[in-house]
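What follows is a set of notes on a single structure, which appears directly below.
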Amino acid sequence: MSNAKLAKEFEQIVGAEGVMHEEADLHAYSYDSAVLDPQVPALVIKPTSTEQLGPITALCNKHGLPMTVRGAGTNLSGGTIPHPGGVVCLTNGLNRILEINEEDLYAVVEPGVVTAQFAAAVAKTGLFYPPDPGSQAVSTIGGNVAENAGGLRGLKYGVTKDYVMGIDFYDVNGDLIKSGSRTVKCVTGYNLGGLMVASEGTLGVFSNIILKLVPPPKASKAMMAVFPNVQTASETVAAIIANHIVPCTLEFLDNSTIRYVDDYTKAGLPREAGAILLIEVDGHQAEVIEDAEKVVNICKKCGANEVKMAETAAEREALWTARRNALPALARAKPTTVLEDATVPRSQIPAMMEGLNKIAAKYKLDIGTFGHAGDGNLHPTILCDNRNKEEFHRVEEAVNEIFEVAISLKGTLSGEHGIGMAKSKWMEKETSRATLEYSLRMKRAIDPKGILNPNKIIGAL
Ligand SMILES: Cc1cc2nc3c(=O)[nH]c(=O)nc-3n(C[C@H](O)[C@H](O)[C@H](O)COP(=O)(O)OP(=O)(O)OC[C@H]3O[C@@H](n4cnc5c(N)ncnc54)[C@H](O)[C@@H]3O)c2cc1C
């Protein structure tokens with residue numbers, strides 16, 4: 001069927017203004033935040049109500065049209081690169097917060113609600129929604145659930161999956177499936193919502209999502225610990241955890257990242273430091289004072305040159321602004337930024353950092369590393385130019401080795417950015433052939449024609 005005829009059928013569902021087929025629109029939705037080649041879809045559909053998601057999905061299935069749902073397109077693994085000639089379905093118009101229930105501590109949202117806007121609306125009621133991916137100013141809750149996004153507070157508060165109480169989603173036939181509930185406990189049937197988390201648009205299309213809310217911490221204290229080298233900083237991370245202190249945030253920046261961030265933000269960071277840790281403890285006032293003191297002592301014992309407390313709200317904000325600017329600051333340096341998120345058990349951070357340094361030297365690459373050190377989730381960021389074929393070949397070899405080191409340390413390919421198209425070829429290495437085949441059998445049972453975001457996660461087996 002021609003694109004024009006298909007467009008007419010979608011117009012029956014979303015109206016003429018909800019169907020885009022101009023060249024410029026198609027190219028605008030042909031790529032995302034991953035360093036992968038763009039793929040041009042046939043149509044871009046923008047529903048205005050969640051009820052339209054079912055008929056859109058059913059129509060794609062009827063015509064065998066691959067369908068990629070897109071929130072803000074900030075994922076870093078190619079999860080929203082469409083199938084060539086397929087359909088992109090935008091959720092950014094589905095952005096209503098339907099309910100914030102202060103009595104039972106939950107909220108119900110449409111999938112296109114922007115994460116930071118949702119967190120701000122929750123904060124206004126005196127409650128707290130902790131997951132805070134670095135992209136929260138634009139990322140959507142649907143995208144966060146589909147990637148199981150983490151964030152700076154993951155160490156103490158967990159990641160998106162820890163806040164999903166229920167999801168209504170459309171299956172490939174366009175039928176509405178209900179999972180979970182507004183109750184704290186719910187074991188009614190299979191944990192279908194759990195299956196949807198991190199499914200990257202391959203198993204269902206999320207409609208309304210029920211999210212858990214918590215009371216906010218009463219007090220917090222942030223600090224910056226300055227280290228002469230990466231090794232002492234990474235040993236400190238392991239030591240803080242081994243001493244059974246759980247900061248809400250424990251972030252790492254190496255020297256290269258410190259310099260790029262300081263150039264960009266003029267934050268006055270210690271440019272000569274080998275590494276810094278940005279740490280925040282929170283909880284009740286007395287607990288915060290005690291934990292902050294313990295953390296300072298551990299940092300000093302492990303070799304910190306200095307530990308600087310944020311004494312005012314502005315000083316605290318300056319620390320987190322510096323951290324949030326790590327990726328944009330590095331990304332300014334060269335035309336291409338390859339950001340990885342290999343993750344290791346926390347005790348293995350020193351070994352992972354040593355491995356990264358060796359890889360950077362071996363392949364003569366500029367790698368800045370920062371990340372959620374408290375979760376063992378580092379972001380080695382390779383600064384390069386993918387138009388330089390010889391250099392990009394070295395980058396690909398380096399990425400291979402980064403994953404090999406992470407897996408050899410009993411780590412994982414991805415702590416939070418997902419597999420998408422970018423990492424599917426390494427899946428077998430971390431899991432097994434049987435695991436991939438099991439996943440494929442499940443995918444085929446749920447989506448026999450392979451309509452829902454094909455070639456993501458398990459790739460084209
Ligand atoms: C600067 C920057 C910082 C980042 N920091 C973090 C971080 O700290 N932690 C972290 O975890 N990630 C981070 N990311 C990655 C990214 O922001 C997250 O993966 C985020 O969850 C993606 O949300 P999105 O709305 O952009 O989703 P998209 O990129 O649009 O989509 C992501 C996946 O979700 C699927 N999807 C979207 N909506 C639906 C739906 N309604 N139903 C079914 N599937 C759906 C898509 O098909 C796709 O597979 C960062 C990215 C950038 C660019």
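Ligands are counted one by one from 1 in listed order, and the atoms in each one are counted from 1 as well.
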Which one of G418, G134, G420, A331 has a non-hydrogen atom at the shortest distance from atom 5 (N) of ligand 1? G134
Decide yes or no for D37 and Y31: does some side-chain heavy atom of the first lie under 4.5 Å from some side-chain heavy atom of the second? no
Determine, for K46 against E17, whether the closest basic-nitrogen to carboxylate-oxygen distance falls under 4.0 angstrom. no
Tell me the contacting part of E416 for ligand 1: side chain, backbone, both, or neither, using a 4.0 Å heavy-atom threshold, strictly below. both
Less than 4.0 angstrom from a charged side-chain N to a carboxylate O is my criterion; do K429 and E404 meet it? yes
So if I count the atoms of ligand 1 from 1 in the order they appear, which ones are less than 4.0 Å from some heavy atom of A149? 11 (O), 21 (O)
Using a 4.0 Å heavy-atom cut-off, say whether H417 meets ligand 1 through its side chain, its backbone, both or neither. side chain
Any carboxylate oxygen within less than 4.0 angstrom of a Lys/Arg side-chain nitrogen, looking at D385 and K334? no
Using a 4.0 Å heavy-atom cut-off, say whether T74 meets ligand 1 through its side chain, its backbone, both or neither. both
Need the ligand 1 atom indices (1-based, order shown) with element for anything under 4.0 Å from a heavy-atom of G79. 47 (O), 48 (C), 49 (O)
Regarding atom 29 (O) of ligand 1: of the candidates N75, L76, N148, which has the closest heavy atom? N75
Would you mind telling me if ligand 1 is within reach of the side chain of H372, the backbone, both or neither, using heavy atoms under 4.0 Å? side chain
Students often mix this up, so state it plainly: with edges at 30° and 60°, are the rings of H417 and H379 parallel, tilted or perpendicular? parallel
For ligand 1, is any non-hydrogen atom under 4.0 Å from S139's backbone (N, CA, C, O), its side chain (CB onward), both, or neither? both
Heavy-atom nearest neighbour in the protein, as seen from atom 36 (N) of ligand 1, with distance rounded to 0.1 Å: A146 CB, 3.6 Å
Could you tell me whether D132 approaches ligand 1 through its side chain, its backbone, both or neither, with non-hydrogen atoms closer than 4.0 Å? neither
CA sep, side-chain torsions, deciding dist, call: F370, F252, ring pair (Phe, Tyr, Trp, His ring centres under 6.0 Å): CA-CA 5 Å; F370 65 97; F252 168 92; 9.3 Å; no
Side-chain ion pair, D375 and R346, N-O less than 4.0 Å: no
What protein heavy atom sits nearest atom 32 (C) of ligand 1, and how far off is it? E147 OE2, 3.3 Å
